[in-house]
Each structure stands twice: as C-alpha cells, then as structure tokens.
Amino acid sequence: MSITFNKKTNSFLLNTPSSSYIIRIYDNKYLLHGGWVSRIEEWDDDVCSMPLLDRAFSPVPAELHNKADFSLNSQQQEFPTSGRSDFRTGAFEALCADGTIAADLFYDSHKIIKGKPGIKGLPATYVTSESEADTLEINLKDPVTGVMVKLVYTVWNNRDVICRHTIVKNDSSKAGGIYKNQPVKLRRVMSASLDFMTSRYKMLQLSGAHARERHAIWQKLIPGTQSVESRRGTSSHQHNPFIALADYEATETSGQVFGFNLVYSGNFVAGTEVDQFNMSRVQIGINPYNFEWELAAGETFETPEVVMVFSNKGLGELSRTYHDLYRDNMCRGPWQKKERPIVINNWEATYFNFNAEKLFKLADRAAEEGIELFVLDDGWFGKRDDDRSSLGDWFVNTKKLTGGLEEIAEGIHKRGLKFGLWFEPEMISPDSNLYRAHPDWCLHIEGRDRSLGRHQSVLDLSRDDVVDYLTETLSKILSTVAIDYVKWDFNRSQTEVASALASPANQMKTAHKYYLGLYRLLENVTQKFPNVLFESCSGGGGRFDPAFLYYMPQCWTSDNTDGLSRLAIQNGTSIAYPASAMSCHVSAVPNHQTGRVTNISERGHTAMAGTFGYELDLNKLSQPELDEIKDQVALYKKIRSTVQFGDLYRLRSSWDTVAPAESTAYTAWNIVSKDKKQAVLTLVWQFAEGNPELQLIKLKGLDPKAKYKLTCSQSATIRAHLADFPFPLPESAFAPFPAGTATSGDKLMNVGLYLPYMPQYGGSVQIVLEQI
Ligand code: GLA
C-alpha cells in the first residue's frame, strides 16, 4: 500500500518508489502540506514538521489566537482558500449566498481505496489493474456554506507519479441560515496546489507561438507570481499546460525536478507564487478567466487531473516517467502500442490544388519509396478551394474529386497504402450550408459581431445537439468510406465564448462546457472506430496536451517542418510527451515556414525522432534525394519500435538552458529500446563553425555489459554536395568508424564516441547500435 495514515501524528504518507508526499492534519481541522521529498519510510510529525509559526503581519484563526503560534499565512497548506488569513493565492474561491468569497475547508474525513477511479466526463490516466495504484480521498468541509471539497490523490506503485484532482459538492442542504439550499458560484478551483518550503528553484515552461511551439524556457523563481496560461479556448501554441520546478543545480541527469501537467485542452493557468518568506506555491488548473460555475444545491463539479512527476535524477528521468505513463496509462485502443505507419501527406505538396490524378501520382511515388499511409489533407469537401468556405459541409467536393472519396480510398488502397483523411470538425465557415441552416450553432454573443479567424467560426460544442450532429456526421463518413486514419484539426482560437442556449447566469460555464462536449464527441467517435488511427492537430501543435492523448495517440507537432526549427520544438515537446505522440515530417526546401534550406538527410534524421512521415511533392525531387528517402524509410522501419516506445536520453542541446555552460554547436539524443537490444544515436549540427572543438559524445541507457555493433547511416546527398569542396573532407566525416565496428555498452557510455567534424550547417549523423 503506497498510502498510509498515521493516527498518532494525524498525517498521511504517500509513497512512490522514490518520493514521499506528506499531508498533515493540524488541530483535527487544518489540512497542511508536509513536503514532497525523496522517499522516507515513516513520517515523524513531532521532529520534522515545519514549526507552527505566527509571523509578521499574519493574522491567526480566532480560536487559536491565544493558544498557538499558528498562522495560515506562514504554513504549507494543502488546499488554501481565499478571504481568510492566508494572503497568498487561494486554490478555491466561490461566491456564496452572502455575497462573499471567504471559505474554510476543514478536514472532515478520508478514505483510501485500491486502484484509481475515473473523472466524470473528463479524460484521465487509468489503471489496468488495481495493484498499479492506490487512491486517497480527503473530504474537506466549509462549516458555514456546506460546501464540500474532495481532494483526490492517486499514488502509483511503480512510477514516481501522483495524480490529483478536486471535486466540489454543494451540500448546502446541510447548511443553516441564508446558506440553506442556496447555490454557490465557483470562480477558482485548482486541480492542485502545492507549497514548497523554499524558492530556491528554477521554473521550466514550454512556450512559444504558432510554428514555434514548446521551446524550453527556464527562469529562477523570484518573489511574486510567475505563471503561464491560456485564454484562447485551447491549451495553445503559446504556453503548454506544463511547468516544472527544479533545484538550481539540477541538470538533464541529476538533481530534483517536480513536473506538473494538466490533462485539459481548454483555458488553463499554471504557475508559482513566491511569498515573503521565500516559500513557493505551485498551482495548476482551469483558468479562472471566463469561468464561473454556478453549483446548485446537491450538484458536484470535477476538475481536470494534474499529473505530478518526481525525479531525483534530473530532467531526463522526469521525461521518461511521463513518456511511460502516457504510453501505458493514458493512450488507449489498438494503436496504443502498435508501430505507427510512415505517412505521406499532400498538404505542402499540393495545398488546395489537387485532383485524383495528382493525388495518385503522389501515392505512386510514395508506394515506390516504401511509405505506408497516404493522407488527404484540407480541401476535399464542400466547395473548398481555399480557406474561405465549407467547414461544416463534410461531403466530398465533386468538382475536384469527380469519382468521390470512395474512388480515392480505393485507388490509394490499391497502391498498397493505407488511406487517411483530414477533418476540422469543431469549425464552421460562414460560407457553408451548415451555417446557413444553423447560424446559431457557433460560439457567439447576441448583438456583437462574430470575430473570424482564418475566415471561420467555432461550433458551440457546449450544446448537446451540435455534439450529436457531429457524432452522426463523422460516423457516417467513417462507416461508408474505407478510412484508416483521421487528422483532427482545429485552426483558430476561441472568441465570444457564449452559447445561444445558455442563460445569462450560466453563460460563464460555456468555455468549460465546450470541453465536456468535445470530450464526449471524441469518446463517441474514437470508440466507435477503434481501428482508425487518430492524430490531433491545431495549426500544428496548438493542442498538444495529455487530454488529447486519451483519445488520439499522436499529434502533429508543429506546422513548422524546418529541420533546424524542429530541433527546439521537438526538444521542448519531448520534456513531457513521448515520441510515439510526436508526429514529425520531412518537407521541401526552401522550407515553407522559414525559407531555410537544409539537407534531406538532416530533415530525415530529425523527423525520425517521432512518428515519421513526409509532406512534400516527391515527384519534384532529384534521384539522389529519392534514393536517400528510400533508405530513410527502410531504416525507420527497422528502428521505429525503439524510437516510438523506447527510452529517450537527451544528450546535448544548444537550446538547453539546464546547463548553459554546456552551450554547444549541436543537438544530440539517443533512444534505447526497453530491452536495450537496439539504440539510435542522432546528432545534428546547428551552427557551422570553422575548426570547432572536438566533439565527444557519451551515450546513455545502454546495457554496460553488452556488445553493440555500430552502423552509421551515411548521407549520399551531403557527400554529393561536398564533392566540389576545395578542401575535400576525409572519409571519416561520413564513416566515423569502419563497417562492422562493435564495442561494449560501458565504453560507449563511459568513454564515448568522437564524432566526425561536419562543416555543414545542418549536417547530421545517425548511428544505429544493435546488440550482438
Ligand atoms: C493546419 C494544419 C496543417 C494543415 C492545414 C490545412 O494548419 O496544421 O497541417 O492540415 O491546417 O488547412
């Protein structure tokens, strides 16, 4: 049992394999936090707990005023409220019948259960057997209003993971006076609040923009609040619902790191508040912006889950814990553990300008290269020849595809490829039959104009009729056309978040109700078509969050497919999300987003760090490029199980500010299969330098006793490119060791490999290691 309650000290000890999380009940009432630390076997409340201090200008609960040196403002609290004597940010704020926001959440009872219950209407991690985890539920009660708050903690037995969420019940039938049977208005209900004794941490956030998603950014905590949030109605390109705190000294391989990842795709907030005593409070949950939830007497509200991961071996270990958890206990369905097909997507090859002949020509070439899945992207429906119309009209554009979707699906299948199709189900174009029939089906505010993004509006998924309509429409296509894969896109931020069906009192529920509706839709469609591989997308990676992984095991990482830009994007994404979830494609040069020209070899090596594919017109490539693609496809088939389901070790990154002293000219990572039989080392030079320092790279995660055979994939196109170089490169630049070289895992990890000097901007090396 990973959860124990000590009656003597009135405290809970929540133990994962390497961490302990302590909760204390003080004076049979106040729920205090005791720390989240490297594992201890027993909690001795008398010796180790923080002194119950009443410090400067910190008022004390009246009943304790003359009894104890106790102030809520200088304690680590487990779920702080607003309006009483803690001046830091509360985790709970509700407007009560008396017009105030004060609340006291006192300990009432608790229960420890085996396994992990689900969360009503929301995606969450799950257990496959009760022995995987135990769950603690602590009930707190406000004696005045009757509001009950249940804090739920699932503690994983074999992972350094604790999942938390919060359930609020309005039990005002048990309250007295003006509160009896009255509703309360929830304004802020965090999924977790966690107080640390110190602020000697640096905080990591994954931030950026469209086409520049999830760059890893670190900053040292300072007094005040440092937070990230989304107000866009999506988890967003700008900030991911993830933060981590790490010791100042922590690196990729050492030190304590604490991760917080919200399982939610809508508006969120995640941040840290450092107080006057340099204590720090982490909170993460639904963004109070545009949120107010009136809870009638007897009703409950459940928050999304936060996945909290502990590592005392640095950031790399934290990432691997997230990866394993999401692959094993978040993703579902037949594709969860299945090797993902190599894709050719027609978007950057044709954009909206295609017909069957063009598509088949691309598919023919893809089949010759060994590619396995053809994806028909935007533009196949309604009268869509650009992005100005037809979203919502999910019937085939017969002007472009005269033989219908069936002809395309059949033609693709005949060529030996699987067939995939793009949808943007949550959207509606004002120029569409659907909009003309149902102008009130989109999010809008009566009497105001409707902001457009990419000429489109967002359907109101807080409405059951819209969710039912979409379930039916999508089901019809998926059951009449032979579709193996769906790309589920979402290409604008939400504005005027209001529903024609909501009363003014309930309008502020719309933003969250949208996600309850969307999750119902996703559940309906993905469960009805379990064999279809679903990939989520939002203008690239605008909704790359763990909630989507519950329905769709992979996500389009970014619209930016530039081989070098992708290094920073994939590096940041890999901090929380596994390679099996990161969809990565090779595209044409000059790159359509950055204009940069990089070698096909580097683009291939970089894209092979995730689920792999191509997004360019293969028929426009030179023969050497096509040859190299054929080699890439063949190689990826050999290594994809390792890449998608193995252990990732980030070795070097010039974007990496974990250890800024290590600023480097290249990014490198190696991925090792779970059985350690195969590993893939990839290294990409990001800056061209004259006569750079010697580069020694030490691998990680290999079996020290095993012998590995090394094969270096050589780039024919780089070789051809450098053939005209006035100072020819030595052979070792392409073949750093003779064919058949084998050496032991401990040498590769402890001595390392010297890598060849590649004076090519964006040059790359990939080495496959096979145990012999
Ligand atoms: C988004 C996606 C792209 C592509 C286009 C189509 O931007 O991220 O991959 O599907 O939409 O309009």
Side-chain angles (χ1 to χ4, degrees), residues 208-214 232-238 240 265 343-354 358-359 362 373-394 397 400-401 408 419-429 431-432 452-459 483 485-494 533-545 548 552 554-562 565-566 569-570 573 581-588 591-594 603 607 610-617:
H210 171 238
R212 183 167 47 78
E213 297 92 338
R214 290 174 299 286
R232 292 173 174 269
T234 63
S235 43
S236 93
H237 300 91
Q238 287 71 15
N240 198 257
S265 316
V343 169
I344 176 77
N345 179 305
N346 77 311
W347 178 239
E348 289 201 9
T350 66
Y351 292 106
F352 293 101
N353 181 15
F354 57 81
K358 240 186 185 178
L359 298 178
L362 183 59
L373 165 67
F374 182 96
V375 180
L376 173 53
D377 210 281
D378 196 353
W380 60 266
F381 51 93
K383 52 167 185 156
R384 191 150 161 109
D385 288 326
D386 54 37
D387 61 9
R388 289 171 182 269
S389 80
S390 302
L391 293 167
D393 292 347
W394 300 110
N397 180 343
K400 267 187 201 171
L401 304 176
I408 303 297
F419 177 57
L421 198 59
W422 180 95
F423 291 91
E424 200 178 351
E426 299 158 74
M427 295 292 166
I428 183 165
S429 308
D431 182 3
S432 67
L452 292 171
R454 212 192 185 203
H455 314 286
Q456 63 200 55
S457 293
V458 184
L459 279 169
I483 293 169
Y485 158 109
V486 165
K487 179 173 172 188
W488 184 294
D489 211 338
F490 185 93
N491 279 319
R492 61 158 289 184
S493 303
Q494 296 182 0
L533 172 59
F534 285 86
E535 175 165 322
S536 66
C537 173
S538 171
R543 248 185 351 195
F544 207 127
D545 57 59
F548 254 89
M552 308 191 175
Q554 57 188 61
C555 177
W556 181 223
T557 309
S558 177
D559 276 347
N560 186 346
T561 44
D562 176 294
S565 298
R566 271 296 183 120
I569 294 169
Q570 294 174 194
T573 306
M582 275 198 309
S583 184
C584 306
H585 295 173
V586 173
S587 62
N591 180 271
H592 293 197
Q593 288 76 31
T594 63
R603 276 173 278 151
T611 63
F612 186 53
Y614 294 84
E615 180 135 353
L616 74 178
D617 190 348

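Remember, it's 1-based here, ligands and their atoms both numbered in the order they're listed. Computed from a prediction, not measured in an experiment: that's the story for all the values here.
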Closest protein heavy atom (residue, atom, distance) for [atom]:
atom	value
atom 12 (O) of ligand 1	Asp378 OD2, 2.6 Å
atom 2 (C) of ligand 1	Asp489 OD2, 3.0 Å
atom 9 (O) of ligand 1	Lys487 NZ, 2.7 Å
atom 7 (O) of ligand 1	Asp559 OD2, 2.9 Å

Please determine whether side-chain hydrogen bond (donor to acceptor under 3.5 Å, both in side chains) holds for the pair Thr573 and Arg214, giving the CA-CA distance in whole Å, both sets of side-chain angles, and the decisive distance to 0.1 Å.
CA-CA 6 Å; Thr573 306; Arg214 290 174 299 286; 2.8 Å; yes
Reported CZ-to-CH2 distance for the pair Phe381 and Trp422, which is rounded to 0.5 angstrom:
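The CH2 atom of Trp422 is 4.5 Å from CZ of Phe381, to the nearest 0.5 Å.
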Atom indices of ligand 1 within 4.0 angstrom of [X] heavy atoms, with elements:
X	answer
Trp556	8 (O), 9 (O)
Gly539	1 (C), 7 (O), 8 (O)
Cys537	2 (C), 8 (O)

Are Phe374 and Leu362 packed together at the side-chain level, in the sense that at least one heavy-atom pair is separated by less than 4.5 angstrom?
yes
Judging by distance only, is a nitrogen or oxygen of [X] under 3.5 angstrom from one on ligand 1?
X	value
Asp377	yes
Glu615	no
Trp422	yes
Asn491	yes
Gly540	yes

Ligand 1-proximal atoms of [X], by part, heavy-atom distance under 4.0 Å:
X	value
Glu424	neither
Glu348	neither
Asn345	neither

Just to check, does Arg454 reach to within less than 4.0 Å of ligand 1 when the distance is taken from its heavy atoms?
yes
Check the side chains of Asn560 and Asp562 for a donor-acceptor pair under 3.5 angstrom, ignoring hydrogens and angles.
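Side-chain D/A pair, Asp562 to Asn560: absent.
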For a quick check under 3.5 Å, do Gln593 and Glu348 share a side-chain donor-acceptor pair by atom type?
yes
For the aromatic rings, using the six-membered ring if either is Trp, is the centroid distance between Trp380 and Phe423 under 6.0 Å?
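Centroid distance Trp380-Phe423: below 6.0 Å, so yes.
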Quick one: which of Trp556, Tyr614, Phe352 gives a ring pair (Phe, Tyr, Trp, His ring centres under 6.0 Å) with Trp347?
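So the option named by the test is Phe352.
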Give me the atom names and distance for the closest heavy-atom approach of Ser493 to Val458.
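Taking Ser493 first and Val458 second, the nearest heavy atoms are O-CG2, 4.4 Å.
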Which heavy atom in Arg492 sits nearest to a heavy atom in Ser457, and how many Å separate them?
NH1-CA, 3.5 Å
Residue pair Asp431, Lys383: steps toward the salt bridge (charged side-chain N to carboxylate O under 4.0 Å, His left out) verdict:
CA-CA 10 Å; Asp431 182 3; Lys383 52 167 185 156; 2.8 Å; yes
